Peer 1: 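This is the structure, below, for whatever I ask next.
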Amino acid sequence: MAQKGPLPGFRDFYPEDLARRTAIFRAWRSVARRYSFVEYDGPPLEPLDLYTAKSGDEIVGQLYSFEDKGGRAVSLRPEMTPTFARMVAARANALPKPVRWFSVPQLFRYERAQRGRLREHFQLNVDIVGEPSELADAELLCVAIDIMRELGLGPNEVRARVSDRRLLNALLTAIGVGDAQLAAVYGVLDKIERQPREISREKLEGAGLVPNQIERVLALPDIGSMDDLDRDFGHVESAKPAIAQFGRYLSHLHALGVEAWVDVDLSIVRGLAYYTGTVFELFDAKGELRAICGGGRYDNLLGQLGGVDLPALGFGMGDVVLGELLKAHGLLGDAMGAGPDFWVVSTEQSPPSAVLRAAATLRRMGYAAEYVLNAEKLRTQKSSAQIKAAERAGAAWLMVVRDETHAEVRALSRAPGDEARDGVEVLLHDLMDPERGFAALAEAGVPAPRED
RNA sequence: GUGACUGUAGCUCAAUCGGUUAGAGCACCAGACUGUGGCUCUGGGGGUUGCGGGUUCAAUUCCCGUCAGUCACCCCA
C-alpha cells in the first residue's frame, strides 16, 4: 500500500485537508491585505544557478534539482527570496517605496522528511523593501503575530522571540569577541537550548574565547528585557546606538499592541547567513514544535542577488508546523464548508425531469443544489431515503418536487432543538422569474445565495 | 546522509507457544424503520498481514533484505 501513496515528503490533500489548508491561506491573505501588502508570485521552477550562485551552501545540498529535457540545470524553488529579489530588482526604480509584497508559494527541498518538515510545503512570504527604519521591523513582526490572532491563537499559545544581529554584534564586540569568532559564537547561541552547557563551553573554547568571555557569552540568553540590557551593557559606549535602536523597535511593538507576545531572546540567530538586523521566530509556547515562522532584516541581500542597493526585511511562515499547532489546539477542526444549499427530492408524482429542471433553476439563481444522482433511484426511491441522503450531505434546505409544477421548500433542521417548520409551497414556474423566484424562496426563509 | 523503532481492512486495534477459512468497532454500500433532535435494526463489500526471500510439516508470528513511516542526529523552511 505504501507504493501507491504520494512520493515521500509529499501530501495528498483530501477535501477536509484542503479545507484546513484553505483556511490557513485565507488567514494569511486576509491579514497581509489588512496591512496593505499586495500578492505576487513567480515560477515554481527556476534555473539552478539562481540558488547555487548566491544562496548558502547548506541550501544547495538540499535542492530538488534535475536536468530538464532541454539540458538545462533547473531546480524547484526551495525559498522565495531569490525570486522576489529578482522581481523587485527588475523594477526597483519604478516601484514606489516601501514595497510591501506577499506571496504564498509552494516550496521544495530534497531531504529526509520528518514531523513538521516535508519535501514540499506552502510558505507565506511577507517582505518590505526600501525602508531602513525599525518601524518597518515592528510592522513586519506585527503581521506575523496578527495572523496567529486571526487563527485563534493567543500569547499563551505562541511566543515571538526577537533579537537583532547589530545588537548582538555590538555586545560580542564589547565582550571582546573578534570578527573571525562570530560565526562560531552564533552557532553556539543558536543551539544553546538544545545542547548541554559543557558542549557549548568546549565549542567556545575551541573558537579561542577565554573563560571570562565564555561565561559572558553563555549569559547573553538570560537578557530578557531592556532593563537587563542597560544593566549589563548600558555603560559600553560602543553598544549604545544598537541598544537604543533595539529599544525603539520594542517600543514600536508595544505601541502596536503586541508586546504581550514578544520575548527578547538573544539566542535567536536564524540559520540563514543573510540576516543583518532584527531577527525573530515564532514558537508554540510549549516548545514542542519547530519554529512556526522566522524572519528578519536582510539589508544586503538585494544588492547581492539583484544588484540594487535597497534595505529589506521579511519573514516566511510555513503551513506544516502551523497546521500541527492549530490541530493541537483544536482549531480548524471543522474547516469543511457546509453542504449544498438545496437538496431536491423527488416524489411518486414528480417526473425526474421536473427534479432536474428545479435543480437547474436553483443553480442558475446561484444556489448549490444536489439530488440523487441515479436515474433509477430518482424514479423509485422513497423521499424519506432521499431526505436522509440530504442530511448526510449537510444540505440546508429541501425542495420536495410534488409534481410537474409544484414544489415544497423546507428547512432541513440540523441544530438540536430546532422546531421543524412547515414547508412553503412554491411554483416551479415562479422560480424562473428573476424577481418572483427570490421572493418565493424568501417566503420560506431561504436567504440569498452566498457570494463566493 | 547516520542511528533506533514501527508496518494486519479506509481508521483504531485483535489473532494462545509458530497451528485450520486472519477477526471486531468505527467508516463505507444496500435495505427496513423513523416528518428528520447525526436514532435503531438487518444484511453486504472490503486483506496476497508493506514488498521480496529464507527457516519450518506449517509464518501475521522467527531470520535477512528492501520500501515506507515515526523519532533522534545533521541541518533548516
Side-chain angles (χ1 to χ4, degrees), chain A residues 1-12 14 16 51 55-64 76-82 103-126 144 187 190-191 194-196 199 268-275 279 281-283 288-296 314-324 334 339 343 345 347 372 374 376-377 380-398 400 408 410-423:
Chain A
M1 85 189 54
Q3 73 272 17
K4 287 186 181 173
L7 286 169
F10 286 77
R11 297 169 287 175
D12 286 333
Y14 288 87
E16 61 272 24
Y51 306 110
S55 292
D57 290 339
E58 70 281 2
I59 287 179
V60 173
Q62 296 164 348
L63 287 174
Y64 211 113
L76 291 165
R77 57 187 174 194
E79 57 168 336
M80 198 57 178
T81 304
S103 190
V104 184
Q106 188 174 22
L107 305 178
F108 306 86
R109 305 197 110 174
Y110 198 91
E111 60 179 338
R112 194 151 166 180
Q114 307 174 34
R115 182 180 188 199
R117 198 159 178 224
L118 309 172
R119 286 186 173 178
E120 148 274 324
H121 73 146
F122 292 87
Q123 187 190 65
L124 169 69
N125 277 248
V126 178
D190 187 35
K191 290 193 184 165
R194 290 163 281 157
Q195 191 168 258
I199 305 282
I268 295 300
V269 172
R270 304 283 304 146
L272 293 177
Y274 53 63
Y275 289 106
V279 288
E281 293 186 342
L282 262 51
F283 286 91
E288 291 169 352
L289 304 173
R290 294 167 185 283
I292 299 162
C293 166
F315 71 78
M317 182 186 294
D319 71 310
V320 181
V321 175
L322 181 57
E324 284 180 9
D334 55 348
W343 191 284
V345 176
T347 58
V372 177
N374 178 294
E376 180 65 19
K377 286 181 182 169
T380 61
Q381 193 177 49
K382 287 186 184 177
S383 46
S384 65
Q386 297 183 41
I387 292 169
K388 192 171 184 173
E391 283 177 339
R392 279 201 294 190
W397 300 87
L398 284 181
V400 182
E408 180 190 338
R410 191 171 70 224
L412 189 55
S413 66
R414 297 163 65 204
D418 266 14
E419 286 295 317
R421 275 189 295 176
D422 286 342

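Owing to the predicted nature of the structure, the values given are computational and were not obtained by experimental measurement. Just so it is clear: chains get the letters A, B, ... in the order the sequence lines come, proteins before strands, and each one is counted from 1.
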Peer 1: On RNA chain B, does the nearest nucleotide to Gly9(A) precede the nearest nucleotide to Phe122(A) from the 5' side, or the other way round? Give the residue.
Peer 2: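 Per heavy-atom nearest nucleotide, the more 5' residue is Gly9(A).
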Peer 1: Expressed as a whole number of Å, how far does the C1' atom of U16(B) sit from that of U40(B)?
Peer 2: 37 Å
Peer 1: Do Phe122(A) and Leu322(A) make a side-chain contact, defined as non-hydrogen atoms from C-beta onward lying under 4.5 Å apart?
Peer 2: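 A side-chain contact under 4.5 Å is absent here.
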Peer 1: What is the distance from OH of Tyr14(A) to C1' of C11(B), rounded to the nearest Å?
Peer 2: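 To the nearest whole Å, that distance equals 12 Å.
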Peer 1: Under a cut-off of 3.5 Å for both distances of each Watson-Crick or G-U pair, what dot-bracket string does RNA chain B give, using [ ] for crossing pairs and | for inter-strand pairs?
Peer 2: (((((((..((((.....[...)))).(((((.......))))).....(((((..]....))))))))))))....
Peer 1: Run the salt bridge (Lys or Arg N to Asp or Glu O under 4.0 Å) check on Arg117(A) and Glu111(A) step by step: do they pass?
Peer 2: CA-CA 9 Å; Arg117(A) 198 159 178 224; Glu111(A) 60 179 338; 3.0 Å; yes
Peer 1: Ignoring hydrogens, what is the shortest heavy-atom contact between Val321(A) and Arg290(A)? Give both atom names and the distance.
Peer 2: CG1-O, 3.3 Å
Peer 1: Is a side-chain N or O of Arg77(A) found less than 3.5 angstrom from the main chain of Gln106(A), in a donor-acceptor match?
Peer 2: yes
Peer 1: Applying side-chain hydrogen bond (donor to acceptor under 3.5 Å, both in side chains), can you list everything that pairs with Ser384(A), at least two apart in sequence or on another chain?
Peer 2: none
Peer 1: side-chain contact (heavy atoms from CB on, under 4.5 Å) with Phe10(A): which residues, sequence neighbours excluded?
Peer 2: Pro6(A), Leu7(A), Tyr64(A), Phe108(A), Arg119(A), Glu120(A)
Peer 1: For Pro8(A) and Gln195(A), take the nucleotide of RNA chain B holding the closest heavy atom to each; which residue's nucleotide lies nearer the 5' end?
Peer 2: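 Residue closer to the 5' terminus by nearest nucleotide: Pro8(A).
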Peer 1: Rounded to the Å, how far apart are Arg109(A) CZ and C74(B) P?
Peer 2: 17 Å
Peer 1: Taking all heavy atoms of Val269(A) and all of Val279(A), pick out the closest pair and write down the distance.
Peer 2: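 Val269(A) and Val279(A) have their closest heavy atoms at O-CG1, 4.1 Å.
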Peer 1: Please report the interatomic distance CG(Leu107(A)) to NE2(His121(A)), rounded to the nearest 0.5 Å.
Peer 2: 4.5 Å
Peer 1: Any idea which heavy atoms bring Pro78(A) and Leu63(A) closest together, and the distance?
Peer 2: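 So the two residues come closest at CG-CD2, 3.4 Å.
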Peer 1: How close or far is atom P of A72(B) from atom CG of Leu289(A), stated in whole angstroms?
Peer 2: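 Going from CG in Leu289(A) over to P in A72(B) covers 11 Å.
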Peer 1: Looking at A30(B), C76(B), C74(B), which one has an atom nearest to any side-chain atom of Lys377(A)?
Peer 2: A30(B)
Peer 1: Taking atom CZ of Phe315(A) and atom CZ of Arg270(A), what is their separation to the nearest 0.5 Å?
Peer 2: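 Spacing of CZ (Phe315(A)) from CZ (Arg270(A)) equals 11.5 Å.
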Peer 1: Does a nitrogen or oxygen in the side chain of Arg392(A) sit under 4.0 Å from OP1 or OP2 of C29(B)?
Peer 2: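 So the side chain of Arg392(A) is within the cut-off, an N or O lying under 4.0 Å from OP1 or OP2 of C29(B).
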Peer 1: Compare every heavy atom of Ala113(A) with every heavy atom of Gly9(A), then report the nearest pair and how far apart it is.
Peer 2: CA-CB, 3.9 Å
Peer 1: Please give, in whole Å, the distance from C75(B) P to Gln62(A) CD?
Peer 2: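 From Gln62(A) CD to C75(B) P: 10 Å.
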Peer 1: Tell me, please, which residues at least two apart from Gln381(A) pass side-chain hydrogen bond (donor to acceptor under 3.5 Å, both in side chains).
Peer 2: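 With sequence neighbours excluded, Gln381(A) shows a side-chain hydrogen bond (donor to acceptor under 3.5 Å, both in side chains) to no residue whatsoever.
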Peer 1: Counting only side-chain N and O atoms of Lys388(A), is one of them less than 4.0 Å from OP1 or OP2 of C33(B)?
Peer 2: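 Answer is no, no contact under 4.0 Å.
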Peer 1: Rounded to whole angstroms, how far apart are CG on Leu118(A) and C1' on C76(B)?
Peer 2: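 Checked: the CG to C1' distance equals 13 Å.
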Peer 1: Expressed in whole Å, how much space separates the C1' atoms belonging to U60(B) and A9(B)?
Peer 2: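 Between the two C1' atoms, the distance is 14 Å.
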Peer 1: Gly187(A) near the nucleic acid: base, sugar-phosphate alone, or nothing, with a heavy-atom cut-off under 4.0 Å?
Peer 2: nothing
Peer 1: Over all strands shown, is Leu107(A) touching base, sugar-phosphate only, or nothing at heavy-atom distances under 4.0 angstrom?
Peer 2: nothing
Peer 1: If you measure from the C1' atom in C13(B) to the same atom in C71(B), how many Å do you get, rounded?
Peer 2: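 To the nearest whole Å, 22 Å.
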Peer 1: Expressed in whole Å, how much space separates the C1' atoms belonging to C63(B) and G23(B)?
Peer 2: 27 Å
Peer 1: For G31(B), does OP1 or OP2 lie under 4.0 Å from any side-chain N or O of Lys382(A)?
Peer 2: no
Peer 1: Shorter than 3.5 Å, N or O on both sides, protein versus nucleotides 2-5 of chain B: list them out with atom names.
Peer 2:
{"unit_1": "U2(B)", "atom_1": "O4", "unit_2": "Arg112(A)", "atom_2": "NH1", "d": "3.2"}
{"unit_1": "G3(B)", "atom_1": "O6", "unit_2": "Arg112(A)", "atom_2": "NH2", "d": "3.4"}

Peer 1: Roughly how far, to the nearest 0.5 Å, is the CG atom of Leu118(A) from the CZ atom of Arg109(A)?
Peer 2: 13.0 Å
Peer 1: Mind checking the C1' distance from G46(B) to A22(B)? Whole angstroms is fine.
Peer 2: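 That atom pair is separated by 14 Å.
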Peer 1: Can you tell me the distance, in whole Å, between the CE atom of Met80(A) and the P atom of C76(B)?
Peer 2: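 Taking CE of Met80(A) and P of C76(B), I get 22 Å after rounding.
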Peer 1: Between U48(B) and U8(B), how many Å separate the two C1' atoms, rounded to a whole number?
Peer 2: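 Straight-line distance between the two C1' atoms is 12 Å.
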Peer 1: Roughly how many Å apart are G44(B) and C26(B), using the P atom of each and rounding to a whole number?
Peer 2: 15 Å
Peer 1: Where the side chain of Ser384(A) is defined as all heavy atoms beyond and including C-beta, which of C73(B), C76(B), U34(B) is the nearest nucleotide?
Peer 2: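 The answer is U34(B), which lies nearest to the side chain.
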Peer 1: Provide, to the nearest angstrom, the distance between the OH atom belonging to Tyr64(A) and the P atom belonging to C75(B).
Peer 2: 23 Å
Peer 1: Nucleotides 43-46 of chain B: which of its N/O atoms have a protein N/O under 3.5 Å away?
Peer 2:
none

Peer 1: Considering only heavy atoms from C-beta outward, does the side chain of Thr347(A) approach that of Glu408(A) to under 4.5 Å?
Peer 2: no
Peer 1: Could you give the distance separating G1(B) and U61(B) at their P atoms, to the nearest angstrom?
Peer 2: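 The same atom, P, in both gives a distance of 28 Å.
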Peer 1: Measure the distance from NE2 on His121(A) to P on C76(B) and round it to the nearest whole Å.
Peer 2: 15 Å
